[in-house]
Amino acid sequence: MTEKERKPRAKDVQRGIWNQEAIAEVKYKADMGKHRIRGCGSTKKYPTFDDLLILPSQLSRLSIDTYREDCKTQTVLGARYAKKPLVVETPILISGMSYGALSKEAKTALAKSTQTVGTSINNGEGGLLPGESENSYKQVVQITPSRMGFSLRNIEAADALELVTGIGAKPGLAGHLMGNKITKEIAEFRQLPEGIDLHSHPRHGDIFGADDMVLKVEELRDVTDYEIPIFVKIAAGRVREDVKIAVKTGVDGIVIDGAEAGTGAAPVVASTHLGIPILPGLVQGARALEEMGVKEEVSLIVSGGIKDGADVAKALALGADAVAIGTGAMVAMGCVVCLRCHEGKCAYGIGTQDSELRKRLDTDAAAQRVANYIQGMTYEAVILAKAAGKTALANMEREDLRSLTLEACAMTGTPLAGTNFAFTEPFGFF
Amino acid sequence: MVRLDINEMSTRDVNQKLRELILQDDEIVVENPHSVHNFATALKGKGTITVEGSTGFYTGGFLQGPTAIIKGNTGWYTGDNMGDGELIVGMNTGSNCAPSMGGGTILVKGHSGSRAGWGMKGGNLIICGNAGLWSGKMTMGGRIIILGTVGRGIGESMYRGIIHVLDPEVEDKLGGNVMVVPIEDKEKREVETLFKKYGIEQAVDGFRSIVPKVYGRHEYFLFKPTHQQTGAQS
Ligand SMILES: Cc1cc2nc3c(=O)[nH]c(=O)nc-3n(C[C@H](O)[C@H](O)[C@H](O)COP(=O)(O)O)c2cc1C
């Protein structure tokens with residue numbers, strides 16, 4: 001070995017702090033004098049549902065025949081006060097992704113997919129696209145702080161309302177839609193000047209505090225005549241406190257969005273450093289509802305990095321009533337999670353407003369793929385639930401789980417596999 | 001004309017009753033409002049509701065056609081998400097008047113608190129008295145007219161819309177991303193028409209307008225070294 005060969009080159013050395021990403025980030029700031037905006041949310045490694053395992057039925061309980069016996073998947077959400085709760089055929093909902101972040105074709109495809117599998121779509125910030133509400137099986141309508149494209153008409157088209165307090169990819173911040181996506185069409189739809197970078201406001205102009213929110217929810221009840229459910233969407237942070245307040249405001253359901261959640265655009269620093277992942281967020285949310293004695297009453301919906309049916313079964317076991325997917329549904333349509341959603345140049349016609357690029361998305365084919373994906377995920381969840389001896393997905397329970405890692409054990413209170421021991425249990429989960 | 005005493009009624013009953021009555025009669029007089037919250041939510045149709053007193057938070061939220069005259073004061077979030085119709089407040093409103101208002105007219109004969117017209121998207125908000133901080137923050141449309149003095153941060157990050165003001169010191173109180181321009185003749189005529197309609201005796205010549213500075217980008221300062229006030233990022 002020559003002297004030269006023996007000397008490791010800088011690029012071959014495993015870096016700790018000064019890895020390539022850190023160096024690139026320093027350079028970006030040095031060039032631009034500001035933080036970086038990026039699509040897709042955090043790239044951090046989080047504890048995931050894969051760190052949990054489901055205990056199969058053997059002698060202690062009987063399993064349900066995978067292919068010949070039923071396992072109920074129909075899910076009723078928001079029955080606390082609403083006369084017409086949201087009834088979906090699978091506990092996998094499509095989360096709120098705005099027309100603006102996504103193309104009209106992508107929104108329409110997502111809506112059509114909900115018809116096939118019998119679930120709900122959520123319009124996201126910035127108005128309700130006619131192509132969405134006309135094609136959706138169940139329509140959730142968001143009430144975001146900006147209220148862009150929002151009116152009584154949207155409420156009338158809704159099967160459920162979702163009052164957005166925060167999202168996991170940028171909690172404490174609000175919608176970012178970069179100018180390259182604010183085309184003439186989007187500008188008209190959102191009442192914005194064309195090409196402007198939109199930074200929405202994180203606080204609702206008509207809700208300055210929890211007490212006011214009680215009145216707001218009452219007002220929305222009046223507007224909807226107590227017909228449809230009202231959910232509140234929060235980012236996972238101080239989950240116990242936030243859930244308790246949400247319950248007191250009188251909503252029918254709570255959506256908790258974890259730190260791993262996707263987005264169309266967010267400051268990288270916000271995606272990476274704000275909020276906690278969905279695993280502990282869900283556990284805290286479920287326990288807070290139990291503590292208040294309203295677990296059966298108030299629906300709990302979780303989102304953030306949900307990718308397959310195993311995640312769904314485990315989320316339900318930990319106490320969720322349903323999950324919502326964003327990125328996964330985009331991937332089913334062709335998205336490769338390139339992290340450049342904010343640039344608006346999506347080569348697959350999904351995260352773009354460019355008229356040429358949009359042509360690349362075949363709406364019907366994409367709708368079928370999303371429906372297939374949700375169906376496949378539901379199959380997976382059902383397989384696991386039946387193996388765990390359940391005739392309904394909703395019957396998954398905490399007791400069916402074991403942790404594979406100390407981290408998951410500590411964060412969720414799920415005993416480590418092979419033990420009956422969750423070592424953080426004595427500390428509580430708040 | 002029909003009289004409705006709401007002294008002992010729940011908000012829900014009040015609104016339901018108003019919904020029924022407005023179909024039958026075009027003039028409703030409400031007595032004993034006792035600052036009830038969520039008054040006249042999402043009321044549709046035509047007709048006039050006159051309130052002999054004050055109402056609370058979210059007065060006339062989602063209002064969709066009728067005229068509501070509140071002789072006293074109203075609380076915070078007056079006319080939130082209002083779509084159409086008129087809301088006339090005889091005295092003052094709390095803060096955050098007309099948030100996300102989409103259409104119709106709100107007339108405040110007295111003063112209004114801070115953040116009037118927050119995220120407003122259409123319609124007219126006329127404040128005859130003074131307005132607090134951050135009026136017209138992040139509006140996306142509509143017109144705000146303030147006859148009295150304005151607070152700091154007026155028009156902060158407006159995306160669209162216009163604010164007409166008389167306050168001679170408005171330049172010192174401007175929010176970011178907006179500028180003061182002379183009022184145009186067409187706008188003057190529109191303001192005059194509104195003033196005439198609502199019996200506001202005020203010449204329109206002294207008004208100036210605040211409009212968004214739209215260069216495709218808003219400028220924000222997330223860090224402002226006090227010794228060197230430049231370096232905005234866009
Ligand atoms: C392209 C895109 C646009 C989004 N737009 C919104 C939005 O308008 N409002 C909102 O509350 N959340 C929005 N989100 C967040 C999603 O509702 C959801 O919380 C998130 O996608 C869940 O995480 P997942 O992507 O890992 O499934 C968006 C997400 C994506 C990927």
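Reminder, nothing fancy here: chain letters follow the sequence lines and each chain counts from 1.
Contact tally against chain B (heavy-atom pairs below 4.5 Å) for Glu218(A), His204(A), His201(A): the top residue is His201(A). Heavy-atom pairs under 4.5 Å with chain B peak, among Arg190(A), Lys216(A), Met148(A), at Lys216(A). Taking chain A as the reference chain and counting heavy-atom pairs below 4.5 Å, the highest number among Tyr58(B), Phe57(B), Phe62(B) is found for Tyr58(B). Chosen from Val223(A), Ile155(A), Asp212(A), Asp225(A), the residue pairing most often with chain B at heavy-atom distances under 4.5 Å is Asp212(A).
Under the 3.5 Å distance criterion, with hydrogens and angles disregarded, a donor-acceptor pair is assigned to the side chains of Ser112(B) and Thr93(B).
Both the backbone and the side chain of Met140(B) come within less than 4.5 Å of a heavy atom in chain A. With a threshold of 4.5 angstrom between heavy atoms, Leu220(A) approaches chain B through side-chain atoms but not through N, CA, C or O.
With salt bridges taken as basic N to acidic carboxylate O contacts below 4.0 Å, none links Lys184(A) and Glu194(A). The residues Asp159(A) and Lys84(A) are annotated as not salt-bridged, no charged nitrogen and carboxylate oxygen being separated by less than 4.0 angstrom.
Counting heavy atoms of neighbouring residues, nucleotides and ligands inside a 6.0 Å radius, atom CZ of Arg153(A) does not exceed 12 of them. Within 6.0 Å of CD in Gln24(B) there are more than 12 heavy atoms belonging to other residues, nucleotides or ligands.
Taking the six-membered ring for Trp and the full ring otherwise, His218(B) and Tyr159(B) have centroids separated by under 6.0 Å. The ring of Phe208(A) has its center closer than 6.0 angstrom to the ring center of Trp118(B).
Interface residues of residues 43-51 of chain B toward chain A, defined by a heavy-atom distance below 4.5 Å and sorted by number: Lys44(B).
Using a 4.5 Å heavy-atom threshold, the side chains of Val14(B) and Asn38(B) count as separate.
Seen from the ring of Tyr81(A), Arg221(A) does not count as a face-on cation partner, given the 6.0 Å and 45° thresholds.
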